[in-house]
Amino acid sequence: MSARRAEPYRIKMVEPIAVTTREYRRQAIREAGYNTFLLRSKDVYIDLLTDSGTSAMSDNQWAGMMLGDEAYAGSRNFFALEQAVQDIYGYPYVVPTHQGRGAEHLISQILIRPGDYIPGNMYFTTTRAHQERAGGTFVDVVIPEAHDPANPHPFKGNVDLAKLQELIDRVGPERIPYLSLAVTVNMAGGQPVSLENMRATYELCKRYGIRVICDATRCAENAYFIKEREPGQAGRSCREILKEMMSYTDGCTMSGKKDALVNIGGFLATREFEVYQKATQLVVLFEGMPSYGGLAGRDMEAMARGIYEMVDDEYLSWRILQVRYLGEQLLQAGVPIVQPVGGHAVFLDARAFLPHVEQATYPAQALAAALYLDSGVRGMERGNVSAGRKPDGSEYFPRLEMVRLTIPRRVYTDRHMDVVADSVISLYRRREEIQGLRMTYEPPTLRFFTARFEPLGGMLSQA
Ligand code: F0G
């Protein structure tokens with residue numbers, strides 16, 4: 001057997017992608033206001049904007065789509081989904097939602113009262129927005145290593161128990177309805193949480209009657225890192241590890257569009273009947289009946305099947321190693337990236353990449369635009385633009401100013417990764433040619449989706 005790896009799949013259907021000229025891309029990125037979210041997909045060669053909803057489904061999932069039971073109530077696909085969540089996560093109660101943020105909306109409205117605090121291991125955009133909308137205040141309790149792109153800590157997503165304790169002492173446990181625990185932590189670079197930390201966090205929370213609600217969006221990838229890095233875990237299956245992880249939580253929100261390998265779908269799951277009952281009341285207002293939650297029967301079937309596929313050890317190993325394969329090529333060329341390489345993406349450290357560009361002129365946004373111009377590769381800004389503004393109107397200026405190259409699951413080959421690496425490395429060698437941007441349009445919330453910019457000089461402004 002060769003020591004080299006290859007995809008544990010063969011290709012049954014192909015989708016052509018656009019190879020464009022530099023002139024064409026210059027025009028396209030200008031029209032998009034230098035915001036990669038506003039590019040048209042048809043103009044993108046390798047699309048690393050997100051791993052969300054961009055997975056390739058398996059033949060088994062597509063076969064399941066044909067078994068959609070589109071009954072308004074009691075669809076058999078709902079019961080398949082419920083069974084999958086019970087088997088793989090171990091929660092008894094499940095409410096489907098159209099995607100992860102639908103579940104975030106439900107749990108935030110059910111558990112948060114105005115004036116509450118919600119500690120979390122780093123924020124995620126929609127999660128924090130829903131917590132704030134319900135009147136809560138998000139408090140970051142991730143370990144400090146998570147905010148340092150070069151720190152090699154193996155579990156950079158861990159909760160800082162001292163910070164959590166400090167918050168409990170300061171505001172009182174009755175002001176903390178739950179701790180929001182993301183596995184893996186997207187904004188830190190797809191960094192995992194250890195089993196030991198999950199257990200300790202759960203124990204601390206239980207002592208004060210505080211729930212742990214997991215953001216399980218990339219939980220299977222987290223399980224792989226535990227198998228790979230945590231002492232004593234190498235001999236277990238990811239499926240077994242995941243079940244134990246979830247045993248240290250009271251419920252979860254899940255975006256099925258990531259680890260569960262579907263193009264749309266999500267759910268809220270809980271161990272508490274009362275929370276479940278409230279969710280069934282709310283979901284009918286915002287998503288649909290509790291047995292479909294905004295999804296077609298066929299979507300629920302695809303997600304049910306994807307949940308079993310996501311914990312396959314062979315798949316997970318290939319998945320994580322493909323992301324790492326891209327990251328290691330960049331590291332070898334000296335390109336500053338977040339280390340260790342995370343589960344779903346390689347994050348370029350835009351401040352270290354472009355030290356001459358001030359954070360107020362959005363270095364990560366400029367780098368993402370330059371990458372598209374260079375090769376048609378689309379990444380996503382995850383820095384000052386994504387962080388938005390504080391309630392007082394000032395910018396957050398987060399320590400992490402990054403371009404995320406997010407790898408869709410089962411979609412691209414390692415050859416695509418080579419092309420991406422070549423483009424990033426060539427830009428790094430010409431980095432002085434990249435200048436910052438000025439924002440010309442800013443919407444009031446989640447501004448990164450639709451903000452528009454103008455180049456302040458350099459390669460982006462050349463005709
Ligand atoms: N939680 C995390 C950690 C996420 O990464 C996302 C989505 C959500 C919740 C919300 O789920 O999109 O199904 O409503 N992340 C996508 C991304 C959008 O590109 O990282 P959703």
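Predicted, not measured: the structure shown is a model, and the values here were computed from it. Every number for a ligand or one of its atoms is a count from 1 in the order of the listing.
A cation-pi geometry, defined here as NZ or CZ lying under 6.0 Å from the six-membered ring centre and within 45° of its normal, holds between R382 and F448.
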V193/N121 under side-chain contact (heavy atoms from CB on, under 4.5 Å): CA gap, chis, key distance, verdict: CA-CA 9 Å; V193 181; N121 52 345; 3.5 Å; yes

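Listed as neighbours of ligand 1 are T50, S52, Q99, G100, R101, E104, F124, T126, N186, D215, T217, R218, S255, K257, K258, M380, R404, each bearing a heavy atom under 4.0 Å from the ligand.
Heavy-atom neighbours of E132 CD from other residues, nucleotides or ligands within 6.0 Å: above the threshold of 12.
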Using a 3.5 Å cut-off and no angle test, enumerate the donor-acceptor pairs between side-chain atoms of residues 134-143 and protein atoms at least two apart in sequence or in another chain.
unit_1 : atom_1 : unit_2 : atom_2 : d
D140   : OD1    : M122   : N      : 3.2
D140   : OD1    : V142   : N      : 3.0
D140   : OD2    : H147   : NE2    : 2.8

Exercise answer: donor-acceptor pairs, residues 361-371 side-chain atoms, under 3.5 Å, sequence neighbours excluded:
unit_1 : atom_1 : unit_2 : atom_2 : d
T361   : OG1    : E358   : O      : 2.9
Y362   : OH     : E395   : OE2    : 2.8
Q365   : NE2    : Y34    : O      : 3.2

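Listed by first and then second residue, the ring-ring contact (aromatic ring centres under 6.0 Å, His included) pairs involving residues 101-125 are H105-H130, H105-F286 (not counting sequence neighbours).
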